[in-house]
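Take a look at the structure below.
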Amino acid sequence: CNLNAFDIISYSSGFDLSGLFEEK
Amino acid sequence: GCFCLKKTKHTPGYEEPTVLAAETPFTVSEVEALYELYKKLSNSITSDGLIHKEEFQLALFRNRNRRNLFADRIFDLFDIKRNGVVDFGEFVRSLGVFHPNAPIEDKIEFAFRLYDLRQTGFIEREELKEMVSALLHESELQLSDDVVEMIVDKTWSDADTKGDGKIDREEWKEFVLKYPSLLKNMTLPYLKDITMAFPSFVLSSEVEDTEI
């Protein structure tokens with residue numbers, strides 16, 4: 001199993017700040 | 001017609017774009033564009049010109065009640081003064097870390113503080129397991145506890161080079177330099193186009209006023 005635990009964390013939507021820049 | 005120029009009223013915690021541009025990777029016009037975005041975010045629920053946690057979550061997820069471990073931690077890290085709200089200066093300084101041109105050391109440090117959930121100065125195995133489990137819980141990835149343990153164990157043996165049961169800043173730096181993809185979330189390409197996304201209407205309207 002080559003999955004890195006921190007790579008899994010980076011899938012989190014909470015870590016994706018691009019939502020801040022989307023038109024609401 | 002007669003145009004009366006009103007003195008622009010800024011939000012609480014407003015700082016001059018020239019000052020913020022000098023301290024961050026942003027240019028003055030990028031800081032001005034960020035101010036347009038900031039005003040929008042900080043007035044989305046309460047109109048006090050400060051970003052509250054609910055407004056931050058609303059912006060990230062379009063849902064003010066959705067809780068997320070990382071959104072909580074990121075908000076806390078943006079809230080540099082630890083007073084429960086993010087003002088304009090804090091917003092720009094924190095986003096500066098996510099700029100493509102920000103020093104990698106700043107990104108490494110921010111990520112370390114993000115993962116140091118209990119703020120002990122170390123990333124602990126329990127914290128890593130908690131983060132992975134929380135994320136799996138909210139995603140559609142279904143992994144058994146045994147598999148999660150195996151993944152955490154493998155990462156841990158790779159990262160905890162001193163073998164003392166915790167990851168310190170030095171070990172963290174070595175680890176992310178070995179696996180640079182771990183920092184990909186620390187760079188927001190959007191920040192390079194921020195002036196296109198949020199043109200400063202204030203400046204352009206002042207130019208028109210002068211011409212009139």
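What you see below is based on every heavy atom in this structure, not just the backbone, and it leaves out hydrogens, waters and symmetry mates. Below, read A as the first sequence line, B as the second, and so on, with proteins coming before strands; counting in each chain starts at 1.
In this structure, B:Glu90 CD and B:Arg82 CZ are separated by 10.5 Å, a value rounded to the nearest 0.5 Å. Going from atom CG of B:Leu136 over to atom CD1 of B:Ile151 covers 7.5 Å, rounded to the nearest 0.5 Å.
Of the two parts of B:Leu69, neither the backbone nor the side chain holds a non-hydrogen atom closer than 4.5 Å to a non-hydrogen atom of chain A. Contact annotation for B:Phe78: only side-chain heavy atoms (C-beta onward) come within less than 4.5 Å of a heavy atom of chain A. If you measure heavy-atom distances from B:Lys129 to chain A, you find no contacts under 4.5 Å at all.
In this model, no donor atom of one side chain and acceptor atom of the other lie less than 3.5 Å apart for B:Thr11 and B:Lys39. Of the N and O atoms on the side chains of B:Tyr179 and A:Asp7, not one donor lies less than 3.5 Å from an acceptor on the other residue. Side chains of A:Asp16 and A:Ser18: a donor on one and an acceptor on the other come within 3.5 Å.
Of the listed residues B:Trp156, B:Tyr115, B:Phe98, B:Phe56, the one with more heavy-atom pairs under 4.5 angstrom with chain A than any other is B:Tyr115. Ranking B:Thr155, B:Leu191, B:Val132 against chain A, the residue ahead of the rest is B:Thr155, based on heavy-atom pairs under 4.5 Å.
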